[in-house]
Amino acid sequence: MVAEAYRYITENRERFWEAVQTHVTISLYALLIAAAICIPLGVLCAKYSRLTAPVMGLFNSLRVIPSLAVLVILLPILGTGFTPALAALTLLACPPILINTYLGFRKVEPSVREAASAMGMGAGRLLRRVELPLAAPLMISGLKTAAVEVVASATLAAFIGGGGLGTFIINGLGLYNFPMLLVGALPVAALAVLMELVLSGLERYASKFQRI
Amino acid sequence: MNGLALQFKGVSKLYPGAADPAVRDVSLAVEEGSFVTLLGTSGSGKTTLLKMVNRIIEPTSGSITLFGRDIRERPATELRRGIGYVIQQTGLFPHMTVEQNISTVPDILGWDKSRVSARVSELMELVRLPEDMRKRYPRQLSGGQQQRVGIARAMAGDPKVLLMDEPFGALDAITRSSLQDELLAIQRRLGRTVLFVTHDVSEAFKLGDRVVVMNGGVIEQAGTPLELLTRPATDFVRQLTGGDDLFQLLELLKAEDRMLPLSAESMLPESAPSVQRTDSLKSALEQMLRHGASEAAVVNEQGEAVGRLTLDRLQPQPREGGADVGVFAETL
């Protein structure tokens with residue numbers, strides 16, 4: 001069956017690579033947008049406790065909604081294609097990034113922060129040199145959770161015409177063509193494992209100081 | 001006469017929501033080059049007073065001047081780069097090596113690499129950290145070593161004033177005692193002004209040229225250790241210094257407080273033990289008992305004899321008023 005899937009890929013090389021490309025692009029965009037929104041938001045939540053409950057609550061309740069449902073809800077607003085799929089995946093990626101950024105910043109010892117400002121560090125330097133590096137291991141771990149979820153869920157984009165590897169899975173299911181299903185499923189699994197490995201390596205690097 | 005390093009004028013701090021001020025109308029002058037200990041129980045306001053100097057806490061009223069300049073004249077970050085700060089929890093950056101921790105302030109000040117590196121070596125030698133610890137992380141060090149790094153980091157930018165908030169509070173007795181000795185030696189050598197918060201009476205008396213006793217947000221008494229022992233201003237101070245507990249007194253007084261001047265006719269026997277002038281009378285007594293001697297030589301940091309102590313001088317002296325105070329006031 002795997003051999004048949006391989007033959008399918010070699011015969012439809014262009015279609016396959018286009019799907020991989022779409023899949024990777026949509027996943028990375030979703031992650032980048034989520035990080036760009038949620039890292040600053042997580043930092044603000046850690047600094048201003050008044051923000052914590054409402055912001056965390058909002059994103060946690062959004063997480064309860066299944067991704068497919070989000071797609072359907074967004075359909076009348078954003079239509080079909082790449083954009084609504086990206087929006088749904090971004091929402092999916094937000095909670096782990098937000099929560100881990102918040103936790104990472106909260107974990108910085110008050111005495112460390114006090115010492116840093118008593119040495120004459122300004123807020124910017126404190127953030128770059130002390131808080132970010134100390135929060136980094138947890139933040140990267142959140143990013144890793146989000147990345148694996150997003151790569152796996154990006155298959156759903158195909159349901160609303162967003163393209164990607166999900167297209168093969170849907171077609172395979174529809175046509176009872178298991179080799180075609182594998183053409184979608186195996187690369188998705190491989191991509192998820194790759195994300196996990198890369199980010200785990202990064203996490204290990206960032207947490208070197210905790211393990212020595 | 002030295003100039004003033006620090007001057008508190010009518011400083012008060014009322015925390016929002018608190019019924020009573022943590023610090024109430026405190027005025028205090030700290031001479032340049034002196035070692036001042038702030039002694040009190042928790043809640044006495046001593047830490048609040050300390051943290052107002054580098055503006056970690058802003059006073060509700062009153063003013064503080066550092067070498068004649070109001071501390072609010074400059075931005076807080078700039079002010080802080082010129083003031084060393086050491087705290088009990090060390091506050092070392094766990095993700096930075098010893099070297100990176102120590103070079104925090106030089107980095108902020110933008111020193112070039114070779115100058116920073118030379119400064120780190122110099123400071124590690126000063127606080128007696130072996131050079132091979134440069135690349136270690138704080139969690140690889142013992143508590144005492146961590147606080148040595150803390151002190152080195154605080155002194156890196158060559159600040160004229162050091163603020164220390166119970167820096168040795170979390171250390172075991174032996175480590176604490178040796179760090180106290182080294183801190184004293186460093187302070188004597190470099191002549192920095194130190195403001196040191198502690199709740200430990202013997203630490204306050206051992207380290208301070210002047211001891212400021214705080215209670216309930218006000219200063220009960222400020223004076224030399226000898227003044228506090230011989231002329232306690234309030235019952236609180238009397239109680240704190242142990243009242244008539246002779247052992248406590250012997251522990252709090254230094255050899256130099258009671259030593260007699262050297263004179264030609266009072267040659268010390270060869271067998272006489274010698275004690276450092278900053279050693280407590282208790283350890284002087286111990287030395288004398290151990291050597292079966294009735295006298296001891298008092299020596300300075302260079303090992304030169306500067307005075308002598310006899311068993312008689314260890315006798316309790318009248319606390320207030322009496323003629324005896326006059327006698328050893330002369331010898332000071």
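Given the structure is predicted, the values throughout are model-derived calculations rather than measurements. Order of the sequence lines fixes the chain letters, A, B, ..., with proteins taken first and strands second; residue numbering starts at 1 for each chain.
- Other residues, nucleotides and ligands contribute over 12 non-hydrogen atoms within 6.0 Å of the CZ atom of A/R113.
- By the neighbour-count criterion of 12 heavy atoms within 6.0 Å, atom CZ of B/F67 is densely surrounded, having more than that number from other residues, nucleotides or ligands.
- For B/M96 against A/R129, the heavy-atom pair with the smallest separation is CE-O, 3.6 Å.
- Neither the backbone nor the side chain of A/A206 comes within less than 4.5 Å of any heavy atom in chain B.
- More than 12 heavy atoms of other residues, nucleotides or ligands shown are found within 6.0 angstrom of NZ on A/K47.
- Only the side chain of B/R139 has a heavy atom closer than 4.5 Å to any heavy atom of chain A.
- More than 12 heavy-atom neighbours from other residues, nucleotides or ligands sit within 6.0 angstrom of OH on B/Y15.
- The CZ atom of A/R125 sits 5.0 Å away from the CD1 atom of B/I108 when rounded to the nearest 0.5 Å.
- For a residue to count as touching a neighbouring chain, one of its non-hydrogen atoms must lie under 4.5 Å from one of that chain's; by this rule B/L109 does not touch chain A.
- Other residues, nucleotides and ligands contribute only 12 or fewer heavy atoms inside 6.0 Å of the CD atom of A/E18.
- With rounding to the nearest 0.5 Å, the separation of CD in A/Q210 from OH in B/Y137 is 11.0 Å.
- A donor-acceptor pair is defined here as one N or O able to donate and one able to accept, closer than 3.5 Å; no such pair exists between the side chain of B/R80 and the backbone of A/M119.
- Among A/A116, A/A136, A/G120, the residue with the largest count of heavy-atom pairs under 4.5 Å with chain B is A/G120.
- A/A118 and B/N54 make their closest contact through CB-ND2, 3.8 Å (heavy atoms, listed as atom of the first residue, atom of the second, distance).
- The minimum heavy-atom distance linking B/P94 with A/F209 is given by the pair O-CD1, 3.5 Å.
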Which is it for B/I87 and A/E114 under the side chain to side chain contact (heavy atoms under 4.5 Å, CB included) test, yes or no, and what are the steps along the way? CA-CA 9 Å; B/I87 52 179; A/E114 183 183 309; 4.0 Å; yes
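- Of all non-hydrogen atoms in B/R153 and A/A115, the two that sit nearest each other are NH2-CB, 3.5 Å.
- Within a 6.0 Å radius of CZ in A/R13, no more than 12 heavy atoms belonging to other residues, nucleotides or ligands are found.
- For the atom pair CG (B/D165) and OG (A/S111), the distance works out to 11.5 Å, reported to the nearest 0.5 Å.
- Proximity to chain A (any heavy atom under 4.5 Å) is restricted, for B/I83, to the backbone atoms N, CA, C and O.
- The local environment of CD in A/E14 is sparse, with at most 12 non-hydrogen atoms from other residues, nucleotides or ligands closer than 6.0 Å.
- A donor-acceptor pair under 3.5 Å is absent between the side-chain atoms of B/H95 and the main chain of A/S207, judged by distance alone.
- For the atom pair B/I56 CD1 and A/S117 OG, the distance stands at 6.0 Å (nearest 0.5 Å).
- The nearest pair of heavy atoms linking A/V112 to B/L92 is CG2-O, 3.5 Å.
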